[in-house]
Amino acid sequence: MRSKEDFLKSLKDGRSLYYRGKLVEDITTHPVLKTAALHAAKLYEYAERLYEDSKMGKISKFFRVPSTSQDLLDRHKLIYDLTMYCNGIFNISQAIGSDAMFALMITAKQVDRKYGTDYSKRVERYLERVAKEDLTLATAQTDVKGDRSKRPSEQVDPDMYVRVVDVKSDGIVVRGAKAHTTQSAVSDEIIVIPTRAMRDSDKDYAVAFAIPANTKGLKMYIRPIDEVEGNSSSVLSRKDYELETLTVFDDVFVPWDRVFLFKEYDYAGTLAMLFATFHRFTALSYRSATMNLYLGTSKVASQVNGIENEKHVRDDIVDIILYKEIMRSSAISAAVYPVNMEGVAVPNPLFTNVGKLYSNMHFHDVVRDLIDIVGGIIATMPSQEDLESDEGKNIVKYLRGSVDGEERAKVLKLAKELGASTLTGYLLTGMIHAEGSMEASKIELFRSYNFKEAESLVKRILS
């Protein structure tokens, strides 16, 4: 199988990456961005991700197409355990791409039946190649959207959604941009899918495809890594973080064998929602692992502060346990009661969206609980430079709790990162909007919920 070194070497392929106004020549040696590359590379250190496939030999479990409840339970455990291996930070490198591939497999068969296309074969061949080559995949779904009150075809600037601008004998040309594409700058391939349902007038925007990350015309603008550059005392983010890009398609050519949807506008919404369901299941799996950062830091902070046995501390910690285990229970329930579509086990949309919506709505409570336990010192404590200066010993003296100041300072620095830093803002935004907004989950939950049981009960009482 592919090694960590093979992966890092593959990133030196001439891809167009920009950071703080400058072209990045080599992301693996960049003083800030290399951490994201090394984080992605941890995938290749994690031996538990591999299994023996009957057709393809030894491949990543991420590319195992789920057909049973047990397959989904195994996928949940894989994502949870890999997140723990990466210090509580999600490793998206093969998770999100396989989420998209499963959605494409289902949609392709439906489109083929209706239109006589051959998308299924293209998707199967592509999945087989990325599995055998052990590639990493980013998924670009969210268009920049422009005026949110207008549909794709109604925008003043037609490039606000990725669209087909030319059709050639050997492929298509696309233009537009996708927002917050996670780990795209350190992925081998970019999978592009629609962000919403389309109408006939929007058919040029109903397109799905995959391209290598170094494709001509593909440009990626990386977000500022303020959690590292803006916090000299950061601990976690210097070990693991994931980056996002504004991903621009400047007249990018896509060969036909890499095109998985082409103007079949009536299936854009199906594909978008199937991907969202798989990816929200992934979210529940990694988020429940990430919560160990908050649970563990809160518990240790209560000890070094000498308030471990206080009632309000117990209440705060139980609140974090509740948050973590509701997400994990939702993921397990979604796996135990899957929906079978075209031979693929899809996580139960009801339990997936219930857990995801709870996750969206209550993460700020977890941050509040941490702050309540640790105290305001995480927002006002002296800097790392102060701690390392000649005055450091004097400062540490006054940071004492139930343990000496040096030991407590270590806990406070991690607590600051999680509760009072740029990383906190990043996580708050991600926990509310990543893998779909609260409104998206509410719409799908209301749309797909079976009200018959409740309605029939009330009608029986009233009859």
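Without hydrogens or angle criteria, Glu227 side chain to Ser421 main chain gives no donor-acceptor distance under 3.5 Å. Panel note: side chain Asn305, backbone Ile307; no donor-acceptor pair is recorded below 3.5 Å. Arg314 contributes no side-chain N or O that, together with a main-chain N or O of Glu310, makes up a donor-acceptor pair within less than 3.5 Å. In this structure, the side chain of Tyr161 does not engage the main chain of Gly146 through any donor-acceptor pair within 3.5 Å. Remark: the backbone N or O of Lys178 is not paired with any side-chain donor or acceptor of Asp143 at under 3.5 angstrom. Although no hydrogens or angles enter the test, the distance criterion places no donor-acceptor pair under 3.5 Å between the side chain of Lys42 and the main chain of Cys86. No side-chain donor-acceptor contact under 3.5 Å links Thr215 to the backbone of Ile211. Judged by distance alone, the side chain of Arg163 and the main-chain N or O of Val207 form no donor-acceptor pair under 3.5 Å. Of the possible polar contacts, none joining the Asp226 side chain to the Glu229 backbone as a donor-acceptor pair under 3.5 Å is found. With Arg75 contributing its side chain and Ala95 its backbone, the two residues share a donor-acceptor pair below 3.5 Å.
With rounding to the nearest 0.5 Å, the separation of NZ in Lys61 from CD in Gln94 is 12.5 Å. We find the OG1-CD distance between Thr182 and Glu244 to be 4.0 Å, quoted to the nearest 0.5 Å. Here CG of Asn91 is found 9.5 Å from OH of Tyr44. Values are rounded to the nearest 0.5 Å. Put simply, CD on Glu439 and CD on Glu444 are 12.5 Å apart, with the number rounded to the nearest 0.5 Å. Put simply, CD1 on Ile320 and CG on Leu295 are 6.0 Å apart, with the number rounded to the nearest 0.5 Å. The CD1 atom of Ile27 lies 4.5 Å from the CD1 atom of Ile222; values are rounded to the nearest 0.5 Å.
Nearest approach of Leu370 to Ala415, heavy atoms of both residues: CD2-O, 3.9 Å. Here the shortest heavy-atom pairing between Asp147 and Ser149 reads OD1-OG, 2.7 Å. Taking all atoms of both residues into account, the shortest heavy-atom contact from Gln141 to Thr195 is O-CB, 3.1 Å. Considering every non-hydrogen atom in both Ser184 and Leu243, the closest pair reads N-CD1, 4.4 Å. Closest approach of Val123 to Ala108, counting heavy atoms only: CG2-CB, 4.2 Å. In plain terms, the two heavy atoms of Ser298 and Ile373 that are nearest each other are O-CG2, 3.5 Å.
Surrounding NE2 of His312 are more than 12 heavy atoms belonging to other residues, nucleotides or ligands, all under 6.0 Å away. With a 6.0 Å radius and a threshold of 12 heavy atoms from other residues, nucleotides or ligands, Arg2 has its CZ atom above the threshold. Annotation: Lys413, atom NZ; neighbour count of heavy atoms from other residues, nucleotides and ligands within 6.0 Å is above 12. Atom OH of Tyr115 has more than 12 heavy atoms from other residues, nucleotides or ligands within 6.0 Å. Atom CD of Glu453 has 12 or fewer neighbouring heavy atoms from other residues, nucleotides or ligands inside a 6.0 Å radius.
When ring centroids are compared, Tyr51 and Phe63 stay outside the 6.0 Å threshold. In this structure, Phe260 has its ring center closer than 6.0 angstrom to the ring center of Tyr126. Between Phe451 and Phe446, a ring centre-to-centre spacing shorter than 6.0 Å is recorded. When ring centroids are compared, Tyr221 and Tyr18 come within the 6.0 Å threshold.
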Run the numbers on His30 and Tyr19 for ring pair (Phe, Tyr, Trp, His ring centres under 6.0 Å), then give the verdict. CA-CA 10 Å; His30 190 279; Tyr19 185 68; 5.5 Å; yes
Do Arg328 and Glu325 pass the salt bridge (Lys or Arg N to Asp or Glu O under 4.0 Å) test, and can you show the C-alpha distance, the side-chain angles, and the key distance before you say yes or no? CA-CA 5 Å; Arg328 185 151 64 169; Glu325 297 303 337; 2.9 Å; yes
In sequence, state the C-alpha distance, the side-chain angles, and the governing distance for Arg129 and Glu189, and then conclude on salt bridge (Lys or Arg N to Asp or Glu O under 4.0 Å). CA-CA 12 Å; Arg129 186 176 75 80; Glu189 296 266 330; 3.1 Å; yes
In sequence, state the C-alpha distance, the side-chain angles, and the governing distance for Phe281 and Tyr286, and then conclude on ring pair (Phe, Tyr, Trp, His ring centres under 6.0 Å). CA-CA 9 Å; Phe281 175 78; Tyr286 86 76; over 10 Å; no
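Residues Leu17 and Lys219 form no side-chain contact, since every pair of their non-hydrogen atoms from C-beta on lies 4.5 Å or further apart. The closest side-chain heavy-atom distance from Tyr205 to Lys263 is not below 4.5 Å. Taking the side chain as every heavy atom from C-beta outward, Asp319 and Asp315 never approach each other to under 4.5 Å. Val192 has its side chain within reach of Phe249: a pair of non-hydrogen atoms, C-beta onward, lies under 4.5 Å apart. Side-chain contact check for His364 versus Met431: every heavy-atom pair is 4.5 Å or farther apart. Looking only at side-chain heavy atoms (C-beta outward), Tyr358 and Leu322 come within less than 4.5 Å of each other. Between Arg258 and Arg122, the closest side-chain pair of non-hydrogen atoms is not below 4.5 Å. Contact of the Phe7 side chain with the Thr28 side chain is not registered, since no non-hydrogen atoms from C-beta on lie closer than 4.5 Å.
Checking Leu218, Val252, Thr139 one by one against Ile190, the side-chain contact (heavy atoms from CB on, under 4.5 Å) holds for a single residue, Leu218. Among the candidates Lys58, Arg49, Lys4, the single residue satisfying the salt bridge (Lys or Arg N to Asp or Glu O under 4.0 Å) test with Asp134 is Arg49. For the side-chain hydrogen bond (donor to acceptor under 3.5 Å, both in side chains) with Lys356, the qualifying choice from Asn360, Thr352, Asn353 is Asn360, the only one to do so.
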